[in-house]
Amino acid sequence: YKRQQLRSFPVSDSVKRITFFEGNLFVSCKYTILKIDNKGDITKFYRSPFVYFHDIVATKCGLILWTEDYCLYVGKPPGKVVAMTIKGDNAWKYGNSSLKSPHGLDVDSFDHIYVADRDNNSVHVLSNAGALIRIIENIPKPLFFKLNEARGTVCVCSDENEMIIYKFK
């Protein structure tokens, strides 16, 4: 295969994940969420010096979601899932006393959002409005969570350097 580099640009801090929605790339970096439009123009979509951003996804209904985990270790508050519109308007934030350190995100065909919670060994399942549907427990230290609805399986990558594939019903 031949390849051609189209563009290169510096990014202010380490890139964690990328998602695509309506011709835009949304990039989660350590402290910044970037929006790159179809012309290649980069804007800071969201920034916080006190929060680590981990994963980022887009829903079919047009929300951009990411996980936030606070950098401060002493008295650290629980993490959150943030949802914004493509224009940057706040849609909702999900926080729960049992959501300690949200990392991986995935979205199913019903726009349900799956949030891997590394420090609480669980996955929170949310509606696209940010309401808790259920918590799946006893998932060891999940960092990444990927659904395969056609096969009825989910792949979980853990903090323990292990990938586990579950069958769900």
Side-chain angles (χ1 to χ4, degrees), residues 11-21 25-34 45-61 63-84 90-169:
V11 180
S12 58
D13 46 36
S14 59
V15 172
K16 301 299 184 184
R17 302 281 177 273
I18 299 171
T19 195
F20 184 77
F21 186 74
L25 287 174
F26 290 87
V27 181
S28 66
C29 299
K30 193 171 184 179
Y31 301 108
T32 309
I33 303 292
L34 300 174
F45 190 64
Y46 187 81
R47 179 163 174 71
S48 175
F50 305 110
V51 172
Y52 288 138
F53 301 112
H54 295 291
D55 209 348
I56 189 165
V57 296
T59 66
K60 289 184 290 187
C61 69
L63 295 176
I64 308 302
L65 301 126
W66 61 82
T67 56
E68 294 184 352
D69 196 12
Y70 290 87
C71 315
L72 308 171
Y73 293 106
V74 178
K76 169 180 126 160
K80 289 186 175 31
V81 177
V82 175
M84 288 188 139
N90 288 317
W92 51 262
K93 286 186 181 184
Y94 171 77
N96 184 308
S97 61
S98 68
L99 185 69
K100 305 290 185 206
S101 184
H103 275 68
L105 292 170
D106 202 7
V107 179
D108 69 15
S109 60
F110 298 102
D111 255 1
H112 294 148
I113 301 140
Y114 295 77
V115 184
D117 184 3
R118 184 192 69 193
D119 290 354
N120 207 27
N121 301 314
S122 63
V123 174
H124 291 231
V125 183
L126 310 176
S127 73
N128 63 6
L132 178 65
I133 295 172
R134 70 178 171 277
I135 298 175
I136 304 167
E137 297 179 324
N138 300 317
I139 309 272
K141 299 199 177 291
L143 287 176
F144 305 106
F145 189 91
K146 191 67 178 164
L147 292 162
N148 183 331
E149 288 183 272
R151 292 189 176 177
T153 59
V154 63
C155 179
V156 179
C157 298
S158 80
D159 206 6
E160 312 266 315
N161 295 329
E162 181 178 24
M163 272 193 351
I164 303 168
I165 298 176
Y166 295 96
K167 179 87 173 157
F168 62 89
K169 300 173 185 178

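These numbers come from the heavy atoms of this one structure, side chains and all, not from hydrogens, waters or symmetry mates.
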Does anything in residues 48-58 form a salt bridge (Lys or Arg N to Asp or Glu O under 4.0 Å)? List the pairs, not counting sequence neighbours. Arg17-Asp55
Donor-acceptor check, side chain of Asp117 to backbone of Lys100, threshold 3.5 angstrom: yes or no? yes
Is there any salt bridge (Lys or Arg N to Asp or Glu O under 4.0 Å) pair reaching into residues 130-143, and which pairs are they, with sequence neighbours excluded? none
I'd like to know whether CD1 of Ile165 has more than 12 heavy-atom contacts from other residues, nucleotides or ligands below 6.0 angstrom. no
Rounded to the nearest 0.5 Å, what separation is found between the CD1 atom of Ile135 and the CG atom of Asn121? 12.5 Å
If I take atom CZ from residue Arg118 and atom CG from residue Asp69, how far apart are they, to the nearest 0.5 angstrom? 6.5 Å
Taking only residues two or more places apart in sequence, or in another chain, which ones meet Ser98 in a side-chain hydrogen bond (donor to acceptor under 3.5 Å, both in side chains)? Asn96
Heavy-atom pair with the smallest gap, counting every atom of Phe53 and Ile33: CG-CD1, 3.8 Å
I need the Ile64 CD1 to Phe26 CZ distance, nearest 0.5 Å. 4.0 Å
Decide side-chain contact (heavy atoms from CB on, under 4.5 Å) for Leu99 and Asn120; before the verdict, give the C-alpha distance in whole Å, the side-chain angles of both, and the deciding distance to 0.1 Å. CA-CA 7 Å; Leu99 185 69; Asn120 207 27; over 6 Å; no
Tell me every residue that passes side-chain hydrogen bond (donor to acceptor under 3.5 Å, both in side chains) with Ser122, counting only those two or more places apart in sequence or in another chain. none
Applying side-chain contact (heavy atoms from CB on, under 4.5 Å), can you list everything that pairs with Asn128, at least two apart in sequence or on another chain? Cys61, Asp111
Kindly determine whether Tyr31 and Tyr52 satisfy ring pair (Phe, Tyr, Trp, His ring centres under 6.0 Å), including the steps that lead there. CA-CA 5 Å; Tyr31 301 108; Tyr52 288 138; 5.7 Å; yes
Quick one: list whatever passes ring-ring contact (aromatic ring centres under 6.0 Å, His included) with Phe110, sequence neighbours left out. His112
Less than 3.5 Å apart, which donor and acceptor atoms pair up between the side chains of residues 142-157 and the rest of the protein, not counting sequence neighbours?
from   : atom 1 : to     : atom 2 : distance (Å)
Asn148 : OD1    : Ala150 : N      : 3.3
Asn148 : OD1    : Arg151 : N      : 3.2
Glu149 : OE1    : Ser109 : N      : 2.8
Glu149 : OE1    : Ser109 : OG     : 3.4
Glu149 : OE2    : Ser109 : OG     : 3.0

Identify, with sequence neighbours excluded, every residue that meets side-chain contact (heavy atoms from CB on, under 4.5 Å) alongside Ala91. Leu63, Ala83
What's the separation between atom CD1 in Ile56 and atom CG in Leu65, rounded to the nearest 0.5 Å? 8.5 Å
Test your reading of the model: is there a side-chain donor-acceptor pair from Thr32 to the backbone of Leu34, 3.5 Å cut-off? no
For Ala58 and Phe20, work out which heavy atoms get closest and say how close. CB-O, 4.1 Å
Just how far is it from atom OH of Tyr114 to atom CD1 of Ile133, taken to the nearest 0.5 Å? 7.5 Å
Out of curiosity, Trp66 CH2 to His54 NE2, how far, rounded to the nearest 0.5 Å? 14.0 Å
Passes side-chain contact (heavy atoms from CB on, under 4.5 Å), Leu126 versus Leu132? Steps please. CA-CA 5 Å; Leu126 310 176; Leu132 178 65; 4.0 Å; yes
Donor-acceptor check, side chain of Thr19 to backbone of Val57, threshold 3.5 angstrom: yes or no? no
Hey, does Ile139 have a side-chain heavy atom less than 4.5 Å from the side chain of Tyr166? yes
State which residues pass ring-ring contact (aromatic ring centres under 6.0 Å, His included) with Phe21; sequence neighbours excluded, sorted by chain then number. none
